[in-house]
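Since the structure is predicted, the reported quantities are computational estimates derived from the model, not experimental observations. All chains are named by letter (A, B, ...) in the order of the sequence lines, taking the proteins before the strands, and each is independently numbered beginning at 1.
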2 protein chains.
Amino acid sequence: MSAALLSPDALEAALRGIGAERYHNLHPFHRALHDGKLNRGQVQAWALNRYYYQASIPAKDASLLARLPTAELRREWRRRLEDHDGDAPGTGGVARWLRLTDGLGLDRAYVESLEGLLPGTRFAVEAYVHFVRERSVLEAIASSLTELFSPTIISERVSGMLRNYDFINAETLAYFTPRLTQAPRDSDFALAYVKEHARTVEQQQAVLGALKFKCGVLWSMLDALDYAYVLPGNIPPGSFRPS
Amino acid sequence: MSAALLSPDALEAALRGIGAERYHNLHPFHRALHDGKLNRGQVQAWALNRYYYQASIPAKDASLLARLPTAELRREWRRRLEDHDGDAPGTGGVARWLRLTDGLGLDRAYVESLEGLLPGTRFAVEAYVHFVRERSVLEAIASSLTELFSPTIISERVSGMLRNYDFINAETLAYFTPRLTQAPRDSDFALAYVKEHARTVEQQQAVLGALKFKCGVLWSMLDALDYAYVLPGNIPPGSFRPS
């Protein structure tokens, strides 16, 4: 199948079309999570596994930062590191995620040890880190574009979880509040970059492929959770078992 | 939890114990496959996804071969490349796997394109390739030790599939016959290497961790298949859909 060169706006439309088909707000586990269909152990499993994603984002961003050619680009991308790692102990997105796992009653040392992770989580997250490290800067930036779609999912998740779970409160969901402004700022930048720099058919196809890949990362993390913790009897040997 | 230094035989026993708990012959998808519980489309999905594992083994072995320090070790490991890539077009394990996908009615170009892969398959296989490339030679060799357990699973798989599926015959299962002699030869070597070279507690723990990791690779590939193709409605966007 040969592809045509797209205008910048047509490229944006194609990217948004990928999100409309493949973003993980469409996954049954996401719907179950925000609809209040999960028990505390299942929400613990989600938070525990998703921790590894959160904790790996700075490594992903740092490996891209190391390859960016200008101070302007590096300053832009450095802000992501600041958002996730904070400016002092206990600040930043990774620390805020641990407030969620704390609030759910998980032992922090156990969460940080990664011992209870599903193998599917580990492999998906590491695929993302490797992708950003090994592919072109253009593809690496394009793979961040799932953030175009994240404000919607965050709103659904926060309101649904607060409404439906008595073991969740606004403090334990503190991770998400700053993301509602950080994610659009970051994705505006990444989208403008991609629209400006994907000038050939091959570059545009690579950009579209990068976003599909990243949607697959997020989707397969929910596949692994749904299989292991919602369907009975499927927790892999060695992974977290809710008490 | 602190670990004690193990004798070589105790290390072997610990490795075999990991297999007894974590090898994918215990997975429900494996049991369904050999018990004849799957339909042709589900067996196609298994063969299509497993193709990526088979096709990636030479890359995994070549990256280890490149780091082996002696001609003796490299000759030993080179034999694995010969087994998988053959000596002429149409020979070797990867080509024999394509006879299986051919026999199941899958289009060879589609199989080789990897377009229909489950993301979970892709990430698990790539995790294995990256592990072998990035970890110590000792861990890389230890991660091959799942072959200690493969003769049993191959026997179960071949006899069960021949008995239970009219769309399977001995020719389409030609991949497996040579593996019954290759795998024990290879795992004898790898086990002897590991027993000789894992001399500290840290090295022994790394070896045990490598085998657990590899069991997780194989296990999560079956998780992904079971979730997507046995349970209804879970095929991820873009992945193979049986006709």
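Using a 4.5 Å heavy-atom threshold, the side chains of B:D226 and B:P28 count as touching. Residues A:Q204 and A:V207 fail the side-chain proximity criterion, which asks for heavy atoms closer than 4.5 Å. Within the 4.5 Å cutoff, the side chain of B:S144 has heavy atoms near those of the B:W77 side chain. In this structure, the side chains of A:F123 and B:E126 stay at 4.5 Å or more apart for every pair of heavy atoms. Using a 4.5 Å cut-off on side-chain heavy atoms (C-beta onward), B:Y110 and B:T101 make no contact. The shortest distance between side-chain heavy atoms of B:P119 and A:W219 does not fall below 4.5 Å.
Going from atom CG of A:L148 over to atom OG of A:S150 covers 8.5 Å, rounded to the nearest 0.5 Å.
Contact annotation for residues 4-25 of chain A against chain B (heavy-atom separation below 4.5 Å, listed by residue number): A:E21, A:R22. Contacts between residues 32-56 of chain A and chain B, defined by a heavy-atom separation under 4.5 Å, are made by no residue at all. Residues of residues 235-243 of chain B having a heavy atom under 4.5 Å from any heavy atom of chain A, listed by number: B:P236, B:P237, B:G238. Interface residues of residues 131-140 of chain A toward chain B, defined by a heavy-atom distance below 4.5 Å and sorted by number: A:R133, A:E134.
The shortest heavy-atom contact between A:V94 and A:P58 is CG2-CG, 4.2 Å. Of all heavy-atom pairs between B:Y128 and B:S143, the closest is CE1-OG, 3.5 Å. The shortest heavy-atom contact between A:C215 and A:T146 is SG-CG2, 4.0 Å.
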Practice prompt. Show your working on side-chain contact (heavy atoms from CB on, under 4.5 Å) between A:L208 and A:Q205 and close with a plain yes or no.
Written response: CA-CA 5 Å; A:L208 296 167; A:Q205 291 300 307; 3.9 Å; yes
Item to complete: Determine, step by step, whether A:R108 and A:D102 satisfy the side-chain contact (heavy atoms from CB on, under 4.5 Å) criterion, reporting the C-alpha distance in whole Å, the side-chain angles of both residues, the deciding distance to 0.1 Å, and the verdict.
Response: CA-CA 7 Å; A:R108 189 176 276 218; A:D102 287 349; 2.5 Å; yes
Item to complete: Applying side-chain contact (heavy atoms from CB on, under 4.5 Å), run through B:L218 and B:K214 and close with a yes or a no.
Response: CA-CA 7 Å; B:L218 298 172; B:K214 174 67 176 303; 4.2 Å; yes
Practice prompt. Kindly determine whether A:S187 and A:L191 satisfy side-chain contact (heavy atoms from CB on, under 4.5 Å), including the steps that lead there.
Written response: CA-CA 6 Å; A:S187 63; A:L191 181 62; 5.8 Å; no
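Counting only distance, with no hydrogens or angles, the side chain of B:R179 and the backbone of B:P151 share no donor-acceptor pair below 3.5 Å. Judged by distance alone, the side chain of B:R80 and the main-chain N or O of B:D186 form a donor-acceptor pair under 3.5 Å. Judged by distance alone, with hydrogens and angles left aside, the side-chain atoms of A:N234 form a donor-acceptor pair with the main-chain N or O of A:Y227 at under 3.5 Å.
Looking at A:L231, only its side chain comes within 4.5 Å of chain B, counting heavy atoms on both sides. Within the 4.5 angstrom heavy-atom criterion, atoms from both the backbone and the side chain of B:F213 approach chain A. In this structure, chain B has no heavy atom under 4.5 Å from any part of A:V125.
Ring geometry for A:W97 versus A:Y175: interplanar angle over 60°, hence perpendicular rather than tilted (30 to 60°).
Contacts with chain B were tallied for A:G216, A:A127, A:G120; A:G216 has the most, counting heavy-atom pairs under 4.5 Å.
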